[in-house]
Trainee: 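Next up is a structure, given as structure tokens.
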Amino acid sequence: MASTTTAPDELWQCTATELAARIRARDISAVDVMRSCLGRIEEANPVLNALVDVRPDEALAAADRADRAVAAGEELGPLHGVPVSIKINTDQRGYPTSNGVRALSHRPAEGDAACVSALRAAGAVPVGRSNSPSFSFRWFSTNDLYGRTLNPWDHGRTPGGSSGGAASGLAAGMTPLAQGNDIGGSIRFPAACCGVVGLRPTVGLVSDWAPPAYAETPDGPVELDFPPTVHAMAVQGPMARTVGDVRLALAAMSVPDLRHVHGIPALRRPSADGRDRPKVAVVREIGTVKNHPAVDRAVGEAAARLTEAGYEVEELADMPLLAEASRLWSLLITEDIRLIRPVVARLGDDSIRTALDNHFAAAAELWGERPELETYINGWARRATLITRLQELLGSDRLLLTPVCAEPAFEQDADITEPGRARDLFTAMWPMTAVPVLGFPAVTVPVLVSEGLPIGAQLIGGRFEEHLVLDAAEVIEAGSEGVTLWS
């Protein structure tokens with residue numbers, strides 16, 4: 001973290017927590033912060049291509065309004081004046097929700113998604129749209145509209161997807177905060193690939209509501225309905241360079257919103273009953289794939305740090321529940337995507353078409369070419385059983401510690417080079433795909449650097465127990481100095 005003597009052009013190095021406190025104290029101005037971040041964007045973004053559609057004049061005008069609010073003594077939100085990036089698949093008024101697709105890049109959104117409104121209400125200042133893959137459905141971040149996003153640590157490795165632009169921008173210091181979304185690891189995996197922190201909240205805690213989407217037809221616009229997996233598994237969540245910043249952003253984004261199908265009417269508050277720290281169960285593998293040695297080292301190091309801090313840690317040989325949940329993800333999400341596959345084939349680029357072909361081929365090895373309706377319905381029923389069983393196991397006094405992925409950050413375009421490699425990724429990503437099916441909170445946090453790449457670990461907690469997950473993540477983070485990229 002930068003000190004209070006940070007030069008104005010180096011404010012991009014500060015955490016969101018520090019920036020908000022210093023803006024509130026009038027030690028620095030929001031305009032100075034924005035200028036510093038814009039300078040960093042100008043320096044790093046031409047290489048990394050993490051942010052797109054950056055509008056400096058608009059961002060500076062918003063920062064100036066934030067400074068005038070401070071001068072007027074107005075009530076300030078917890079993120080007042082702090083820059084944040086917004087993903088290109090999320091509605092932000094005045095910007096097209098392109099999702100990396102040319103055909104969707106022309107109509108500006110008329111309003112904000114609920115998560116963007118919540119960030120603005122907390123005082124955050126949007127700057128730049130973060131890049132993603134076409135249709136935001138790959139563990140890589142490239143599209144024909146905006147091009148490829150690079151990983152600051154190694155340009156030959158993926159920055160992750162689909163929130164790869166958000167993670168790359170954070171790691172390079174372009175913004176201290178980023179908004180992302182996650183239906184199969186799209187917050188947690190990019191964060192781990194780029195050495196930052198990403199939280200997937202419990203489904204319903206952060207509103208996933210957005211203004212209605214419409215498709216143009218010969219008979220006029222038709223409102224689009226999203227498939228069940230979007231409502232039941234997709235979440236909006238914060239990404240940042242520190243666990244503390246993620247905690248701050250989560251509090252700002254957790255605004256009750258019953259327009260969201262799974263929205264909850266009130267916030268869950270951490271209890272102050274002085275209870276003991278939760279137990280931690282370590283799940284290294286699920287019997288389907290062996291971990292890369294660096295992945296095992298990272299999980300072991302994370303477990304050691306928790307043990308040293310007073311957590312009771314136990315190793316589990318296996319956890320069939322997570323294996324089954326990951327397998328179910330490949331059924332439920334694949335069958336829902338099947339409905340929109342013709343649209344993707346028509347509007348998407350070559351990379352997403354090939355990636356989907358390989359995805360369907362991998363899913364077919366588990367479920368067959370065309371699973372029957374009965375199989376699909378039973379999959380949703382089984383999901384409910386697994387949620388109950390995991391909640392009974394975790395409750396409010398247990399966490400799971402897992403890898404992020406069985407491999408370090410994949411080589412660029414590994415999912416479209418050849419089907420066999422794509423199947424490897426499908427299997428390796430079990431820690432990412434199991435969680436969305438279950439809807440539990442999970443965070444990825446950097447642990448160590450191996451052969452020039454950050455390697456992280458994942459913590460999973462009981463539903464609405466984000467504070468326990470983040471507490472443990474801070475313990476792991478404390479021993480990870482030097483992981484976050486600043487150069």
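Residue numbers start at 1 and run along the sequence shown.
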Trainee: What is the minimum heavy-atom distance between I416 and S351, and which atoms define it?
Mentor: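 For I416 and S351, the tightest heavy-atom pair comes out as CG2-O, 3.6 Å.
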Trainee: CD of Q236 to CZ of R200: how many Å apart, nearest 0.5 Å?
Mentor: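 Spacing of CD (Q236) from CZ (R200) equals 10.5 Å.
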Trainee: Can any side-chain N or O of D67 pair as donor or acceptor with the backbone N or O of S29 at less than 3.5 Å?
Mentor: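 Answer holds: no.
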Trainee: Test R247 against every option in E474, H467, E466 by the side-chain hydrogen bond (donor to acceptor under 3.5 Å, both in side chains) rule and name the one that passes.
Mentor: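 Only match with R247 under side-chain hydrogen bond (donor to acceptor under 3.5 Å, both in side chains): E474.
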Trainee: For the atom pair CG (L177) and OG (S85), what is the distance rounded to the nearest 0.5 Å?
Mentor: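 Going from the CG atom of L177 to the OG atom of S85 covers 8.5 Å.
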Trainee: Examine distances only and state if a side-chain atom of S168 and a backbone atom of A50 form a donor-acceptor pair shorter than 3.5 Å.
Mentor: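 Looks like no, no N/O pair under 3.5 Å.
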Trainee: Has E315 got more than 12 heavy atoms of other residues, nucleotides or ligands less than 6.0 Å from its CD?
Mentor: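 Correct, the count exceeds 12.
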Trainee: Measure up the F410 and F189 rings against each other and bin them: parallel (under 30°), tilted (30 to 60°), perpendicular (over 60°).
Mentor: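 The arrangement is tilted - the two ring planes meet at 30° to 60°.
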Trainee: Do the side chains of Q179 and P126 get nearer than 4.5 Å, heavy atoms only?
Mentor: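 They are not in side-chain contact.
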Trainee: Taking only residues two or more places apart in sequence, or in another chain, which ones meet F440 in a ring-ring contact (aromatic ring centres under 6.0 Å, His included)?
Mentor: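 Not a single residue meets the ring-ring contact (aromatic ring centres under 6.0 Å, His included) criterion with F440.
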Trainee: Might you point out which heavy atoms bring A294 and S450 nearest each other, and give the distance in Å?
Mentor: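 Nearest pair, atom of A294 first, then S450: CB-OG, 3.4 Å.
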Trainee: Side chains of T90 and N181: any donor to acceptor distance under 3.5 Å?
Mentor: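 Short answer, yes.
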Trainee: I'd like to know whether CD of E451 has more than 12 heavy-atom contacts from other residues, nucleotides or ligands below 6.0 angstrom.
Mentor: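 12 or below, so no.
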Trainee: Assess the residue pair R305 and Y311 against the criterion (side chain to side chain contact (heavy atoms under 4.5 Å, CB included)); give the C-alpha distance rounded to whole Å, side-chain angles, the decisive distance to 0.1 Å, and a yes or no.
Mentor: CA-CA 9 Å; R305 292 176 196 171; Y311 285 79; over 6 Å; no
Trainee: Count the heavy atoms of every other residue, nucleotide or ligand shown that sit under 6.0 Å from CD of E308, and state whether that count exceeds 12.
Mentor: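 No, the 6.0 Å shell around CD holds no more than 12 heavy atoms from other groups.
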Trainee: Write down the atom of S207, the atom of A114, and the distance for their closest heavy-atom approach.
Mentor: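 Shortest heavy-atom contact: OG-CB, 3.4 Å.
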Trainee: Which heavy-atom pair separates V447 from A298 by the least distance, and what is that distance?
Mentor: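 In terms of heavy atoms, the two residues are closest at CG1-O, 3.5 Å.
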Trainee: For the residue pair I476 and L459, establish whether any side-chain heavy-atom pair is separated by less than 4.5 Å.
Mentor: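 Yes. Closest side-chain heavy atoms under 4.5 Å.
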Trainee: Can R40 and E43 be counted as an ion pair, charged N to O under 4.0 angstrom?
Mentor: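 E43 and R40: salt-bridged.
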Trainee: Give me the atom names and distance for the closest heavy-atom approach of V127 to I41.
Mentor: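 Result for this residue pair: CG2-CD1, 4.1 Å.
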Trainee: Assess the side chains of W139 and T158: does a donor N or O sit below 3.5 Å from an acceptor N or O?
Mentor: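 Distance-only check fails for W139 and T158.
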Trainee: Check for a donor-acceptor pair, side chain of R157 on one end and backbone N or O of A409 on the other, with a separation under 3.5 Å.
Mentor: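 Checking the backbone N and O of A409 against the side chain of R157, a donor-acceptor pair under 3.5 Å is found.
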Trainee: Taking the side chain as every heavy atom from C-beta outward, state whether L48 and P152 have any pair of such atoms under 4.5 Å apart.
Mentor: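 When only atoms from C-beta onward are counted, P152 and L48 do touch, with a gap below 4.5 Å.
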Trainee: Can you spot which of E314, E465, E312 makes a side-chain contact (heavy atoms from CB on, under 4.5 Å) with R398?
Mentor: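 Checked E314, E465, E312 against R398; only one passes side-chain contact (heavy atoms from CB on, under 4.5 Å): E314.
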Trainee: If you define the side chain from C-beta out and look only at heavy atoms, does anything of M233 sit under 4.5 Å from V203?
Mentor: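 No, their side chains stay 4.5 Å or more apart.
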Trainee: Could you state the interatomic distance from NE2 (H262) to NE2 (H231), rounded to the nearest 0.5 Å?
Mentor: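 Result: 7.5 Å between the selected atoms.
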Trainee: Which heavy-atom pair separates L11 from L19 by the least distance, and what is that distance?
Mentor: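 In this case the closest contact between L11 and L19 is O-CD2, 3.9 Å.
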Trainee: If you measure from OG1 on T334 to NE2 on H359, what distance do you get to the nearest 0.5 Å?
Mentor: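 Those atoms lie 2.5 Å apart.
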Trainee: Test side chain to side chain contact (heavy atoms under 4.5 Å, CB included) on I333 and D336; report intermediate values, then the result.
Mentor: CA-CA 5 Å; I333 201 164; D336 280 0; 5.6 Å; no
Trainee: Run the salt bridge (Lys or Arg N to Asp or Glu O under 4.0 Å) check on R138 and D413 step by step: do they pass?
Mentor: CA-CA 9 Å; R138 288 178 69 199; D413 288 338; 3.0 Å; yes
Trainee: Taking the side chain as every heavy atom from C-beta outward, state whether R382 and V437 have any pair of such atoms under 4.5 Å apart.
Mentor: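 Not in contact.
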Trainee: Considering only heavy atoms from C-beta outward, does the side chain of L306 approach that of R277 to under 4.5 Å?
Mentor: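 When only atoms from C-beta onward are counted, R277 and L306 do not touch, as no gap falls below 4.5 Å.
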Trainee: How many angstroms lie between CD in Q92 and SG in C115, if you round to the nearest 0.5 Å?
Mentor: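 If we round to the nearest 0.5 Å, Q92:CD and C115:SG are 10.0 Å apart.
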Trainee: Look at the rings of F426 and W329 and say which category their plane angle falls in: under 30° parallel, 30 to 60° tilted, over 60° perpendicular.
Mentor: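 F426 vs W329 ring planes: tilted.
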Trainee: Would T149 and N131 satisfy side chain to side chain donor-acceptor pair (under 3.5 Å), going step by step from the backbone distance to the final call?
Mentor: CA-CA 7 Å; T149 295; N131 203 22; 3.1 Å; yes
Trainee: Just so I know, are the side chains of P441 and F464 near enough to count as touching, which here means a heavy-atom distance under 4.5 Å?
Mentor: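 A side-chain contact under 4.5 Å is absent here.
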Trainee: Check for a donor-acceptor pair, side chain of S326 on one end and backbone N or O of A323 on the other, with a separation under 3.5 Å.
Mentor: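 Side chain of S326 to backbone of A323, a donor-acceptor pair under 3.5 Å: no, none is there.
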Trainee: Within the side chain of H80, is there an N or O that forms a donor-acceptor pair under 3.5 Å with the backbone of A66?
Mentor: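 Yes, H80 side chain to A66 backbone: donor-acceptor pair under 3.5 Å.
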Trainee: Sub-3.5 Å donor-acceptor pair from the side chain of R188 to the main-chain atoms of M432, do we have one?
Mentor: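 Answer holds: yes.
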Trainee: Output, in order, the C-alpha distance, side-chain angles, deciding distance and verdict of side chain to side chain contact (heavy atoms under 4.5 Å, CB included) for Y146 and I88.
Mentor: CA-CA 10 Å; Y146 294 119; I88 57 174; 4.1 Å; yes
Trainee: Would you check if the side chain of Q458 reaches a backbone N or O of P431 as a donor-acceptor pair within less than 3.5 Å?
Mentor: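 Pair found, side chain donor or acceptor close to backbone of P431.
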Trainee: Using a 3.5 Å distance criterion without hydrogens, assess whether the side chain of Q391 forms a donor-acceptor pair with backbone atoms of R463.
Mentor: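 It does hold such a pair.
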Trainee: Taking C-beta and beyond as the side chain, do M253 and P201 meet within less than 4.5 Å on heavy atoms?
Mentor: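 A side-chain contact under 4.5 Å is absent here.
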Trainee: Within this structure, what is the CD1-CD distance for the pair I23 and E18, rounded to the nearest 0.5 Å?
Mentor: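 So the gap between those two atoms works out to 10.5 Å.
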Trainee: When you compare the side chains of N358 and D415, does any donor N or O come within less than 3.5 Å of an acceptor on the partner?
Mentor: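 Distance-only check fails for N358 and D415.
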Trainee: What do the steps show when you test I264 against T202 for side chain to side chain contact (heavy atoms under 4.5 Å, CB included), and what is the final call?
Mentor: CA-CA 10 Å; I264 58 171; T202 307; over 6 Å; no
Trainee: So, E418 side chain and R421 main chain: donor-acceptor pair closer than 3.5 Å or not?
Mentor: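 Indeed, once roles are kept as given, a pair shorter than 3.5 Å links the two residues.
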Trainee: Can you check whether S132's main-chain N or O pairs, donor with acceptor, with N143's side chain at less than 3.5 Å?
Mentor: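 The answer is yes, because a donor-acceptor pair under 3.5 Å joins these two groups.
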Trainee: Quick test of your reading: applying side-chain hydrogen bond (donor to acceptor under 3.5 Å, both in side chains), list the pairs with at least one residue in residues 114-128, sequence neighbours left out, ordered by first then second residue.
Mentor: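 Of all non-adjacent pairs touching residues 114-128, those that pass side-chain hydrogen bond (donor to acceptor under 3.5 Å, both in side chains) are D112-R120.
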Trainee: Applying ring-ring contact (aromatic ring centres under 6.0 Å, His included), name anything that partners F135, two or more places apart in sequence or on another chain.
Mentor: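 Here no residue qualifies.
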